[in-house]
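The structure under discussion appears below in the form of structure tokens.
The chains referred to below are lettered A, B, ... by the order of the sequence lines, with proteins before strands, and numbering in each begins at 1.
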2 protein chains.
Amino acid sequence: MKLINREVDYAARALVFMARANKPTVPVAQMQETVGAAGPFLRKIMQKLHRAGVLQAVKGKGGGFALARAPENIRLSDLISALQGPLRLNDCVVRRKLCRDHEACALRRRMEGIEARLLAEIATVTVKDLI
Amino acid sequence: MKLINREVDYAARALVFMARANKPTVPVAQMQETVGAAGPFLRKIMQKLHRAGVLQAVKGKGGGFALARAPENIRLSDLISALQGPLRLNDCVVRRKLCRDHEACALRRRMEGIEARLLAEIATVTVKDLI
DNA sequence: ATTGAATGATACTTTTTAGGTATCATTCAA
DNA sequence: TTGAATGATACCTAAAAAGTATCATTCAAT
Ligand code: FES
Ligand code: FES
């Protein structure tokens with residue numbers, strides 16, 4: 001029902017802010033107002049993105065976060081997988097209860113194709129597109 | 001994160017069951033076991049589909065539900081809109097906080113296209129495909 | 001008419017997930 | 001040594017999804 005949650009939304013804004021900032025690192029305190037998220041929450045998001053390799057982090061005074069690669073190489077799908085985990089269009093595909101003939105099921109095949117195309121489209125959107 | 005919720009999942013199974021049953025009407029009591037949902041919950045789902053015009057309903061002894069049109073004319077998108085309401089891929093599109101230049105925003109345009117194509121694909125899947 | 005099998009409507013509860021806070025540890029430049 | 005920054009993690013709250021319960025209404029069969 002909602003493909004992009006608020007964490008991804010905040011992340012997108014923060015990354016755009018960082019891309020525009022043109023500084024080696026940006027501390028969370030400097031972006032939270034523009035992004036519109038509370039500091040600790042935004043920090044948690046940034047930490048997830050750091051762990052996922054999307055961001056670099058510098059601790060200590062004068063530190064902050066920085067994009068780990070160029071904006072055109074950070075895809076919306078990267079954010080989604082770091083912050084929401086994999087998409088599952090249909091529960092039934094995942095935990096196949098009541099689902100005989102899993103391989104032969106036309107719905108499943110159909111949904112798989114739809115899911116793959118959706119992911120491919122989402123992977124074409126990059127942070128650069130949002131600047 | 002999850003595009004199809006459990007109500008839609010149950011509904012799909014129930015409609016397939018009804019399509020196969022080849023009877024004028026099918027009461028909920030006869031499908032609940034195959035569908036795997038508790039009676040009252042499934043009834044609520046069927047009632048929503050009735051209100052949405054997807055099903056016919058016959059009250060009283062010997063009654064039950066029936067498909068309102070042929071299986072190939074009942075689309076997955078019909079079930080989703082009846083049971084989940086409209087899809088919104090991105091919150092920000094809906095309640096545009098912090099979003100200056102709404103019209104000019106590249107992400108929004110990109111997401112709109114993606115959303116439209118996804119919906120179009122979902123509209124190509126019918127109950128007939130699931131039988 | 002009465003009964004019982006069915007849906008109609010709606011209020012309520014429980015479970016799960018999303019969203020958010022709080023706290024303390026660690027690092028590092030000044 | 002201090003204070004500005006992230007790292008890790010536990011905790012809490014709010015919202016949504018999932019499920020239950022109840023009573024009203026309809027209708028065929030008797
Ligand atoms: S209904 Fe589950 S794979 Fe088809
Ligand atoms: S960020 Fe909301 S429309 Fe672009």
Side-chain angles (χ1 to χ4, degrees), chain A residues 1-11 14 18 23-32 35-66 68 80 82-88 90-92 94-95 97, chain B residues 1-11 14 18 23-32 35-66 68 80 82-88 90-92 94-95 97:
Chain A
M1 187 140 184
K2 195 169 60 175
L3 204 55
I4 291 181
N5 70 12
R6 208 168 297 191
E7 292 194 22
V8 174
D9 201 39
Y10 289 153
M18 291 165 72
K23 290 195 286 189
T25 61
V26 183
V28 166
Q30 274 175 36
M31 13 183 183
Q32 64 190 34
V35 169
F41 190 36
L42 186 52
R43 256 182 68 211
K44 210 170 60 169
I45 294 168
M46 303 304 274
Q47 286 176 9
K48 283 185 194 172
L49 293 176
H50 177 218
R51 274 179 234 131
V54 172
L55 296 180
Q56 291 180 314
V58 178
K59 289 165 87 171
K61 198 168 190 176
F65 292 96
I80 291 177
L83 299 173
Q84 303 191 144
L87 303 175
R88 314 155 277 172
N90 185 351
D91 251 353
C92 165
V94 175
R95 34 175 166 150
K97 299 190 304 188
Chain B
M1 187 138 185
K2 197 171 56 178
L3 207 53
I4 291 181
N5 70 14
R6 209 168 295 190
E7 292 194 22
V8 173
D9 201 39
Y10 290 152
M18 291 167 72
K23 289 196 285 190
T25 63
V26 183
V28 167
Q30 275 174 36
M31 14 181 181
Q32 64 189 35
V35 169
F41 190 37
L42 186 52
R43 259 181 67 212
K44 211 171 60 168
I45 294 170
M46 303 305 274
Q47 287 176 9
K48 283 184 193 172
L49 293 176
H50 177 218
R51 276 180 230 129
V54 172
L55 297 180
Q56 292 179 315
V58 178
K59 289 166 86 171
K61 197 168 192 173
F65 292 96
I80 291 176
L83 299 173
Q84 303 192 142
L87 303 174
R88 315 156 276 172
N90 185 352
D91 250 353
C92 165
V94 175
R95 36 175 165 147
K97 298 190 303 187

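Taking the side chain as every heavy atom from C-beta outward, A/K23 and A/M18 never approach each other to under 4.5 Å. The shortest side-chain heavy-atom distance between A/Q32 and A/R43 does not fall under the 4.5 Å cut-off. Between B/H50 and B/Q56, the closest side-chain pair of non-hydrogen atoms is not below 4.5 Å.
The distance between atom CD of A/Q84 and atom P of C/dG19, rounded to the nearest whole Å, is 8 Å. Rounding to whole angstrom units, CG of residue B/L83 and C1' of D/dA18 are separated by 13 Å. Going from atom CD of A/Q56 over to atom C1' of D/dA5 covers 16 Å, rounded to whole Å. B/E7 places its CD atom 15 Å from the P atom of D/dA16, with the value rounded to the nearest Å. Regarding A/Q32, its CD atom lies at a distance of 16 Å from the C1' atom of C/dG19, rounded to whole Å.
Nearer to the 5' terminus of DNA chain C, by closest-nucleotide assignment, is the contact made by B/A29 (compared with the other of A/V58 and B/A29).
The main-chain N or O of B/N5 is found under 3.5 Å from a side-chain atom of B/Q84 such that the two form a donor-acceptor pair. Side chain of A/T25 to backbone of A/F65: no donor-acceptor contact under 3.5 angstrom is found.
Phosphate proximity of D/dA18 to B/Y10: absent, as no side-chain N or O sits under 4.0 Å from OP1 or OP2.
Rounded to the nearest 0.5 angstrom, B/L55 CG and B/I45 CD1 are separated by 11.0 Å. Interatomic distance, B/L49 CG to B/L83 CG, rounded to the nearest 0.5 Å: 4.5 Å. Distance check, rounded to the nearest 0.5 Å: CG of A/L42 to NZ of A/K44 gives 11.5 Å.
The partner of C/dT16 is D/dA15, by the rule that a Watson-Crick or G-U pair needs both atom distances under 3.5 Å. The base-pairing partner of C/dA30, taking Watson-Crick or G-U wobble contacts with both distances under 3.5 Å, is D/dT1.
Listed in residue order, the members of residues 59-66 of chain A having a heavy atom less than 4.0 Å from DNA chain C are A/K59, A/G60, A/K61. Sorted by residue number, the members of residues 38-53 of chain A with any non-hydrogen atom under 4.0 Å from DNA chain C read A/A38, A/F41, A/K44.
Between A/E7 and A/K48 there is a salt bridge, with a side-chain nitrogen of the basic residue lying less than 4.0 Å from a carboxylate oxygen of the acidic one.
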